[in-house]
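So that the names make sense, note that chain A is the first sequence line, chain B the second, and so on, each numbered from 1. Values in this document were obtained by computation on a predicted structure and should not be read as measured data.
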Amino acid sequence: MIDLKYLQNNFEEASAKLQKKGVDAQTLEKLKTLFAELKEANAALEAAKAEQNSMSKLFGQYKREGKDIAELKAKVDANKEAMVPLQEKAREAEAALYEVALAIPNFPDDSVPEGEDEDDNVELRKVLEPRAFDFEPLEHWALAEKNGWIDFERGVKLAKSRFSVLRGEAARLERALINFFLDTNREKGFEELCVPFMNNAQMLQGTGQLPKFEDDLFKIEDEDLYLIPTAEVPLTNLYNDEILKESVLPVLMTGYTPCFRKEAGSAGRDTRGMIRQHQFDKVEMVAIAHPERSDEVFEMMVQNASDILTALGLPHRVVELCGGDLGFSAAKTIDLEVWLPGQNKYREISSISNTRDFQARRAKIRFKDGKKNRLVHTLNGSALAVGRTLIAIMENYQNEDGSIEIPEVLKKYM
RNA sequence: AGACAGGUGGCCGAGUGGUCGAAGGCGCACGACUGGAACUCGUGUAGGGUUAAUAGCCCUCGAGGGUUCGAAUCCCUUCCUGUCUGCCA
């Protein structure tokens, strides 16, 4: 959630920032009004409560002293009745405020480039040259079929469309990648965690998936549980509603989880193959950082993900997202796009974001800064999306006969 | 899943209708003592909101609702923990 006090005191500036993310000034105007209304309603209610409390204290005193309480009782009853509409008003004001506030995306950093969509993203650098093929490289689904690696049909039979089954070498390669990623992240100082794959609504709200993006999530029937769309949710919320010691920052965490997404908004895109599935494996990095040092942590995370791709010999480029392409919670995001020679395209394989204090405010993650509590910064990034790495290896390491080499660094894991 | 017992501050633990945001202890922080430390003594030590304010006021004793002038204390719902039973890897 954005800082409502900041919005109140710097409306023009805040409004300009959120325009980059396509939030119109009218919505913000409304939010500002709702915030002021809540404050007003609370002030009125609290004054009445203070009155009530002090009279109640007197009441006890009178009784002890054996004084007559009839008059006081009448006053206190009247005040109590007068409080009912105030109570109602405050409650309504709060509900109205949060309905709007929780749906407002994070402020982008000032450095974020202007732009509408992915076409306006800015390439920062390319790493490794794509390999020159002396034959026509195949797309991963063709290679999958040749090698018997991915069983799309039976995945659909078991669940529904956009589920698949990895078989034999592919399944082993998937597992090797997970281990390779986790080991690498651990060597960089990330603690490895194994977390629940279902989280409750409060956690999903903490990281920003709820209430606005409920349709993208798989919900467990009759339970307050959702399948996680990314390990960002459990890892970030590990410290939900906690106050950390400053000395433990930055907290660096990594974990492997499957991720579950309904992907309601992406119908029709990437229907072929394994790019966009309802379930996929991912190794995630999450950092809880001191607000003054989150930029360093961010750079480190980007470098780590890039280094992993380099170690695998996969050509990629580093792209900074423009305002229009930034996710809901992110203040700044850098994507790593891996080269897919079969598709002749760079495709997203990792997305690293600094959410500043946006998630921390929602999830109430703070640290002790001297005597005061301050919100931390939270960061997350894939290192890496496993299925897409598998695809990238298939397409980049293919031979003319359709066979696939195993990258050197993975051999000890196979 | 069923039965019973519980959920109080960083931890332990008292508190069964008013003077309780909460005794006492431990821990922690600072200070005194010391060459330095231990011991001892003193002081301090929850979170959120409002506010210029670490002043005042409001809210929070798992969560939500109710009774009452007044609730940590009484009632209801719910979640969680423990023990036993069942089930299971």
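- With both ends at atom P, the span from B/rG24 to B/rG35 equals 33 Å, rounded to whole Å.
- Across every strand in view, B/rA14 sits unpaired, with no contact that passes the Watson-Crick or G-U test at under 3.5 angstrom.
- Between A/R374 and A/E292 there is a salt bridge, since at least one side-chain N of the basic residue sits less than 4.0 Å from a carboxylate O of the acidic one.
- A distance of about 28 Å separates the C1' atoms of B/rC69 and B/rA55, rounded to the whole Å.
- At a threshold of 4.0 angstrom between heavy atoms, the contacts of A/L45 with the nucleic acid are absent.
- For A/K75, the NZ atom is loosely surrounded, since the number of other residues' heavy atoms within 6.0 Å does not exceed 12.
- Aromatic ring centres of A/F298 and A/H377 lie farther apart than the 6.0 Å criterion allows.
- Looking at A/L244 and A/I365, their side chains come closer than 4.5 Å, going by heavy atoms from C-beta outward.
- Straight-line distance from the CD1 atom of A/I365 to the P atom of B/rG47: 17 Å, rounded to whole Å.
- For the P atoms, the distance linking B/rG13 with B/rG25 amounts to 16 Å, nearest Å.
- For A/N373, the side-chain atoms get nearest to B/rG47 when compared with the rest of B/rC69, B/rC59, B/rG47.
- Across every strand in view, B/rG56 sits in a pair with B/rU50 that passes the Watson-Crick or G-U test at under 3.5 angstrom.
- Spacing of C1' atoms, B/rA22 relative to B/rG15, comes out at 8 Å, to the nearest Å.
- Rounded to whole Å, the distance from NZ on A/K80 to P on B/rU67 is 7 Å.
- Side chain of A/A50, nearest nucleotide from B/rG18, B/rC57, B/rU50: B/rC57.
- Atom pair A/Y62:OH and B/rU19:P shows a separation of 17 Å (rounding to whole Å applied).
- Base pairing analysis places B/rC80 opposite B/rG6; the two distances defining the Watson-Crick or G-U wobble pair are each below 3.5 Å.
- Only the P atoms considered, B/rU77 is 44 Å distant from B/rC28, to the nearest whole Å.
- Rounded to the nearest Å, the gap between the P atom of B/rC61 and that of B/rU43 is 29 Å.
- Counting to the nearest Å, the P atom of B/rG48 and the CG atom of A/N42 are 17 Å from each other.
- As the counterpart of B/rA38, no nucleotide is assigned, since no Watson-Crick or G-U wobble pattern has both distances under 3.5 Å.
- Counting any heavy atom pair closer than 4.0 Å across all strands shown, A/D224 reaches no nucleic acid atom.
- Nucleotide B/rC88 forms no Watson-Crick or G-U wobble pair with any nucleotide shown, as no partner meets the under 3.5 Å limit on both distances.
- Distance, A/D241 CG to B/rA63 P: 11 Å, rounded to whole Å.
- One finds no side-chain N or O of A/R366 lying less than 4.0 angstrom from the OP1 or OP2 phosphate oxygen of B/rG47.
- For the OP1/OP2 pair of B/rG48 and a distance below 4.0 Å, the side-chain nitrogens and oxygens of A/K372 include no atom meeting the criterion.
- Rounding to whole angstrom units, NZ of residue A/K49 and P of B/rU60 are separated by 7 Å.
- Using a 4.0 Å heavy-atom distance criterion, A/K245 is classed as making no nucleic acid contact.
- Residue-level contact check: A/K39 touches the backbone only, with heavy atoms under 4.0 Å from sugar-phosphate atoms and none from bases.
- In this structure, A/K17 pairs ionically with A/D110, as a charged nitrogen and a carboxylate oxygen lie closer than 4.0 Å.
- Among the protein residues, A/A43 comes within range of no part of the nucleic acid, since none of its heavy atoms lies under 4.0 Å from any strand.
- Taking atom P on both B/rG21 and B/rU45, the two are 16 Å apart, rounded to the nearest angstrom.
- Using modelled atom types and a 3.5 Å distance limit, the side chains of A/Y6 and A/E13 yield a donor-acceptor pair.
- A salt bridge links A/K332 with A/E320: at least one charged nitrogen is closer than 4.0 Å to a carboxylate oxygen.
- Distance from the side chain of A/E46 is smallest to B/rG49 among B/rG49, B/rG47, B/rC69.
- Checking B/rG27 for Watson-Crick or G-U wobble geometry (two distances, each under 3.5 Å) identifies B/rU45 as its partner.
- For A/I243, the side-chain atoms get nearest to B/rG47 when compared with the rest of B/rU50, B/rG47, B/rC69.
- Taking atom CD of residue A/E242 and atom P of nucleotide B/rG48, one finds them 14 Å apart after rounding to whole Å.
- None of A/D335, A/N380, A/T230 except one satisfies the side-chain hydrogen bond (donor to acceptor under 3.5 Å, both in side chains) rule with A/S351; the exception is A/D335.
- In this model, no side-chain donor or acceptor of A/Q52 finds a partner on the base of B/rG70 within 3.5 Å.
- In this structure, A/N79 reaches neither bases nor backbone, as no heavy-atom distance under 4.0 Å exists between it and the strands shown.
- Between B/rC58, B/rA46, B/rC69, one nucleotide has an atom nearer to the side chain of A/N53 than all others, and that is B/rC58.
- Between A/K57 atom NZ and B/rU19 atom C1' the separation is 8 Å, expressed in whole Å.
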